[in-house]
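What follows is a single structure, written as structure tokens, with notes after it.
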Number of protein chains: 2
Amino acid sequence: MGIIRKTQSVALLLDEFNTNSGAISVTTLNKRLNSNLNKSTIYRVLDKLEDDGVLHSFLGDNGIKWYAKCEGCSHDNHKDIHPHFQCVVCGKVDCLNVDIVVPKIPNREINSTEILIKGKCETCLN
Amino acid sequence: MGIIRKTQSVALLLDEFNTNSGAISVTTLNKRLNSNLNKSTIYRVLDKLEDDGVLHSFLGDNGIKWYAKCEGCSHDNHKDIHPHFQCVVCGKVDCLNVDIVVPKIPNREINSTEILIKGKCETCLN
DNA sequence: ATTATTAATGCAACTAAGTTGCAAATATAA
DNA sequence: TTATATTTGCAACTTAGTTGCATTAATAAT
Ligand SMILES: [Zn+2]
Ligand SMILES: [Zn+2]
Ligand SMILES: [Zn+2]
Ligand SMILES: [Zn+2]
């Protein structure tokens with residue numbers, strides 16, 4: 001079930017995503033907001049925002065959970081699927097607007113594909 | 001640093017990979033071997049086997065760590081990179097001998113790519 | 001505006017994966 | 001057989017994430 005009431009917690013979390021480009025890890029959100037929000041609340045609100053199609057989540061390096069804003073998703077049509085790029089230098093993670101073709105696999109049915117590309121981001125290249 | 005002594009622990013762990021096809025999660029290894037091996041030992045031996053190019057590791061669903069045998073890798077040349085497939089029904093994970101082309105990304109340097117494909121495996125298709 | 005209803009929150013306690021320091025055990029070299 | 005250095009078990013710890021429940025607060029009803 002998604003968000004029902006427009007609470008302070010929801011506003012605070014959405015603000016993080018509106019004032020930052022790129023994805024934000026749950027650990028970062030916890031560090032930034034722990035004076036205002038309990039970690040249970042953070043996990044629960046993020047989960048609901050994902051359910052509503054406002055955010056999407058994925059796993060970054062070391063299996064840490066990241067969230068980023070969706071574009072054009074809703075509860076019913078939650079198809080913001082794309083690869084993610086994590087900089088090995090600064091740790092920043094971005095959504096990539098790139099199509100990667102996954103070939104059909106014999107005798108298997110593909111439901112989804114999670115792609116994490118690691119390398120150096122624009123600012124860390126030089 | 002890799003394996004130096006041929007210990008009981010190494011033999012027990014290697015045996016798991018020799019008698020099973022596909023990848024094995026660390027949680028499964030811990031459950032199977034906890035009467036014979038301490039979990040610290042399991043983590044440490046797996047880490048060394050990976051360093052030696054005997055096994056490779058990757059993250060499956062929910063960020064759980066999996067290991068599988070390498071083919072033709074060594075400590076110096078550890079390039080057993082390929083996508084992995086996890087069955088959403090039975091949870092089994094396999095290495096895929098498939099090439100997926102990742103296009104160049106403008107202003108970014110790509111070091112590596114982790115691809116996890118989820119779907120139904122051969123035995124769970126029907 | 002006041003009250004009632006129910007979702008959302010904080011808190012504390014918990015689970016599970018993974019790590020670490022150190023003493024004891026064991027594989028290998030001498 | 002003894003010496004040495006690696007490996008192991010253990011216990012204690014860290015961190016991400018979850019859960020039950022009483023309290024708080026947003027919304028609906030009056
Ligand atoms: Zn960077
Ligand atoms: Zn994204
Ligand atoms: Zn299956
Ligand atoms: Zn593999």
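Chain letters run A, B, ... following the sequence lines, proteins first, then strands; residues in each count from 1.
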*First and last nucleotide of DNA chain C touching chain A, 5' to 3', heavy-atom cut-off 4.0 Å?*
C/dT6 to C/dA12
_Steps toward side-chain contact (heavy atoms from CB on, under 4.5 Å) verdict (A/W66, A/I64)_ = CA-CA 7 Å; A/W66 291 70; A/I64 287 174; 4.0 Å; yes
*Base, sugar-phosphate, or nothing: which does B/N36 touch, judged by heavy atoms less than 4.0 Å apart?*
sugar-phosphate
*Once you round it to whole Å, what is the distance between C1' of D/dG9 and CG of B/L33?*
15 Å
*Does B/T41 place a side-chain N or O at less than 4.0 Å from the phosphate oxygens OP1/OP2 of D/dG9?*
yes
*Protein-nucleotide distance (B/K6, atom NZ; D/dT8, atom P), rounded to Å*: 15 Å
*So, for B/I3 and B/D52, which heavy atoms are closest and what is the spacing to 0.1 Å?*
N-OD2, 2.7 Å
_Whole-Å gap separating C1' (D/dG17) and CG (B/D61)_ = 15 Å
_Taking any heavy-atom pair under 4.0 Å as a contact, classify B/K48: base, sugar-phosphate, or nothing._
sugar-phosphate
*Look at all strands and tell whether A/T7 reaches a base, only sugar-phosphate, or nothing, counting heavy atoms closer than 4.0 Å.*
sugar-phosphate
*Output the single nucleotide from D/dT6, D/dG17, D/dT27 whose closest atom is nearest the side chain of B/I4.*
D/dT6
*Base, sugar-phosphate alone, or nothing: which one does B/K65 contact when heavy atoms must sit under 4.0 Å apart?*
sugar-phosphate
*What's the CG-C1' distance between B/L37 and D/dC10, to the nearest Å?*
14 Å
*Can you tell me how far C1' of D/dA16 sits from CD1 of B/I64, to the nearest Å?*
12 Å
*Salt-bridge present (A/K118, B/E114; N to O < 4.0 Å)*: yes
*Is the side chain of B/N18 donor-acceptor paired with the backbone N or O of B/L14 at a distance under 3.5 Å, no angle test?*
yes
*asked:* I need the CG-C1' distance between B/L46 and D/dT8, as an integer number of Å.
replied: 14 Å
_Separation between CG of A/L12 and OG1 of A/T7, rounded to the nearest 0.5 Å_ = 8.5 Å
*To the nearest 0.5 angstrom, please state how far the CZ atom of A/F58 sits from the CD atom of A/Q86.*
8.0 Å
*Please give, in whole Å, the distance from D/dA16 C1' to A/N34 CG?*
15 Å
*Report which part of the nucleic acid B/K39 touches: base, sugar-phosphate, or nothing (heavy-atom distance under 4.0 Å, all strands).*
base
*Quick one: salt bridge (charged side-chain N to carboxylate O under 4.0 Å, His left out) partners of A/R32, sequence neighbours excluded?*
A/E16
*In terms of the nearest nucleotide of DNA chain D, which residue is placed more toward the 5' end: A/R44 or A/T27?*
A/T27
_Just the rounded figure in Å: distance from P of D/dA16 to CG of A/D47._
18 Å
